[in-house]
Amino acid sequence: MKLRELINDIEYKALVGGKEAEAADLDVEISAVINDNRKITEGCLFICIEGANFDGHSAAMEAAQKGAAAIVVQKDVEIPADSKTVVVKVENTRYAMAFISAAWFDHPADSIKTIGITGTKGKTTTTYLIKSMLENAGHKCGLIGTIEVIIGDEHIHAENTTPESYDLQHYMRRMVDAGCDCVVMEVSSQGLMLHRSQGFIYDIGVFTNIEPDHIGPNEHKDFEDYMHCKGLLFKQCKVGIANADDPRMEDVLEGHTCDLTTYGFSEDADLRALNLAYIHKPGELGVLFDTSGCVEVHAEVPTPGRFSVYNALCAIDVARILGADNHEITEALKKARVKGRIEMVKVSDDFTLMIDYAHNAMALKSLLSTIRDYHPNRLISVFGCGGNRSKLRRFEMGEVSGKLADLTIITSDNPRFEEPMDIIRDIETGMKKTDGEYIMIEDRKEAIRYAIEHGEHGDIIVLAGKGHEDYQEIKGVKYPMDERVLIKEILDEINNK
């Protein structure tokens, strides 16, 4: 592909040897698009990205010496005066990379319906709900999110919630080539801030909710910046779907350029939930509700709480826009499951056990408060905290669990380079601010065994913090550890006694 075709959709100034490039210079053939200086090859287009730990502009000389056909920069660089490498100067190289990548992969978003979901909570669950609904309606749907990327039958481990723009475009191209006609993806505030999701217009953008999060060094400077970045999605989509009950909805959507539809319990919502009822059976928690407005159905969702209703509502609205009928919608809601997100694991007819990714105080409080609405005999919370992370999180999670759970079993999570018992004692510090009952069991499998062996009729046991993770990180090594496997091993050992 020629350089001219790759940079056609961005504003730039092109130079060769320090002088303005001639038209013929832009017809140079590009062999690859690269943003990692370790992968520079002759004839490539090298994009200089300024990261937290390394500035790609420092590799411009190396790129020219290795025969890069072109270099994309946002600040001045030094290369040999006699170099034939075209220097393409832009305002922001991350922004430019998104459009260059879209062109490199022949604009896959033009051939697939794109649904982007942003918000503090609910993104992961909602992507799976939408995927289930659309496939129930006969679509072939790809998925890009926190847990994985799904292309047909292929499941690829995810490194970031929203991949770098080059990888995002590559995934969409592979989805189109695999016959997918739609893709649903999580769009993080970081991804929006760093222009990872640029280069195309989403067909549908979804706002779930917002609370202060991801604020600090290398993230967002304050809550206003966080909200602003979330809102960027609604200047980059055709139709926006938003949670009408969130008090910050108008702040997030300020300046939106899309058509807008809303959902929630509010009378003003375009899609409204009514008649909420709880399902509580041994091994199963869920909700029943009706909808009115742009879709009218009786819905059943096999996950608990009001937030499950919100997740379902925005999935219903996406499915409606893309042509699903009421039967397809209700059947998909009954079937949808998300690994590690309020994932029910059947262990007994007497009590309920679930696995969830809640790994900070805000998420744990939301989860335990929701479970409280089901009036368990006892609510048992099993969790730890990651090592080499803020101690404040440990104190806060201990205090939350102490206030909301009847019994807390403090155990190990990913200790990383810390001693597990040091982390456990930090959690205990938060617990001691409450009257909550607790025990400390360092080995996570033994902690789960204790919860199962001491489960009583009507108890709800929550294994929090690991969720979809299938490893435990200790001293820089990730050892296999999947809570589903641990539970099976424990049950087998109990039954073989």
Side-chain angles (χ1 to χ4, degrees), residues 116-127 129 145-147 160-162 186-194 205-234 240-256 262-266 269 273 303-315 338 340-342 356-373 381 383 385-386 389-390 392-401 403-404 430 462 464-465 467:
I117 302 174
T118 199
T120 304
K121 295 181 295 189
K123 296 188 298 296
T124 300
T125 303
T126 305
T127 56
L129 275 174
T146 300
I147 298 174
N160 296 310
T161 297
T162 306
E186 297 181 52
V187 187
S188 67
S189 57
Q190 284 282 93
L192 288 159
M193 181 174 71
L194 297 175
V206 175
F207 166 63
T208 60
N209 52 64
I210 197 158
E211 295 178 23
D213 199 10
H214 298 293
I215 296 167
N218 299 324
E219 291 191 286
H220 300 285
K221 61 182 180 180
D222 52 34
F223 186 37
E224 285 67 31
D225 182 57
Y226 179 55
M227 287 194 294
H228 167 75
C229 288
K230 290 287 188 190
L232 293 174
L233 178 61
F234 303 95
I241 298 174
N243 180 352
D245 296 346
D246 192 286
R248 297 282 193 172
M249 184 193 82
E250 291 187 2
D251 294 330
V252 172
L253 296 177
E254 184 179 3
H256 72 84
T262 61
Y263 65 90
F265 289 87
S266 166
T303 52
R306 287 174 70 91
F307 60 76
S308 293
V309 178
Y310 285 112
N311 294 342
L313 285 173
C314 57
V338 184
R341 297 303 198 275
I342 319 183
D356 193 78
Y357 188 52
H359 61 287
N360 58 39
M362 179 175 67
L364 187 63
K365 181 179 180 180
S366 175
L367 176 63
L368 297 182
S369 297
T370 294
I371 302 308
R372 272 279 166 220
D373 291 341
S381 168
F383 76 95
C385 285
R389 299 292 188 270
S390 170
L392 183 62
R393 175 179 290 187
R394 304 168 193 179
F395 305 149
E396 291 174 341
M397 290 185 72
E399 188 171 356
V400 163
S401 191
K403 289 177 178 177
L404 293 174
V462 176

Any side-chain heavy-atom pair of Asp373 and Arg306 under 4.5 Å: no
Nearest atoms (heavy-atom pairs only) where Ile210 meets Asp246: N-OD2, 3.0 Å
Heavy-atom pair with the smallest gap, counting every atom of Glu396 and Ala361: CB-CB, 3.6 Å
Spatial distance of atom SG (Cys314) from atom CG (Leu129) [nearest 0.5 Å]: 8.0 Å
Beyond-backbone contact of Glu211 with Arg248, side-chain heavy atoms, under 4.5 angstrom: no
Where Tyr310 and Tyr263 come nearest, the two heavy atoms and their spacing: O-CE1, 3.5 Å
4.5 Å side-chain heavy-atom contact, Phe383 and Met397: yes
Rounded distance [0.5 Å steps], CZ in Arg393 versus CG in Asn360: 5.5 Å
Donor-acceptor contact below 3.5 Å, side chain Thr162 vs main chain Ser188: yes
Pair Met193-Asp225, side-chain contact (heavy atoms from CB on, under 4.5 Å): steps then yes or no: CA-CA 9 Å; Met193 181 174 71; Asp225 182 57; 4.2 Å; yes
Taking every non-hydrogen atom, the tightest pair across Thr126 and Ala315: CG2-N, 4.4 Å
Point-to-point distance, once rounded to the nearest 0.5 Å, from CG of Leu367 to NE2 of His359: 13.0 Å
Thr208 versus Thr120, closest heavy-atom pair with distance: OG1-N, 4.1 Å
Close side-chain approach of Pro304 and Ile342, heavy atoms under 4.5 Å: yes
Side-chain (Thr118) to main-chain (Val187) donor-acceptor, under 3.5 angstrom: yes
Glu399 and Phe395, any side-chain heavy atoms less than 4.5 Å apart: no
Stepwise side-chain contact (heavy atoms from CB on, under 4.5 Å) test for Leu364 and Ser401: CA-CA 8 Å; Leu364 187 63; Ser401 191; 4.2 Å; yes
Heavy-atom pair of closest approach, residues Arg341 and Thr125: CB-OG1, 3.7 Å
Asp245 side chain to Phe265 backbone, donor-acceptor under 3.5 Å: yes
Approximate separation, where rounding is to 0.5 Å, of Lys403 NZ and Lys365 NZ: 7.5 Å
Short side-chain to backbone donor-acceptor contact, Asn243 and Asn209, under 3.5 Å: no
Close side-chain approach of Phe207 to Met249, heavy-atom, < 4.5 Å: yes
Any donor-acceptor pair under 3.5 Å from Thr370 side chain to Ser366 backbone: yes
Value rounded to 0.5 Å, distance of NZ in Lys123 from OG1 in Thr127: 9.5 Å
Test item: side-chain donor near acceptor, Glu186 and Thr124, under 3.5 Å: yes
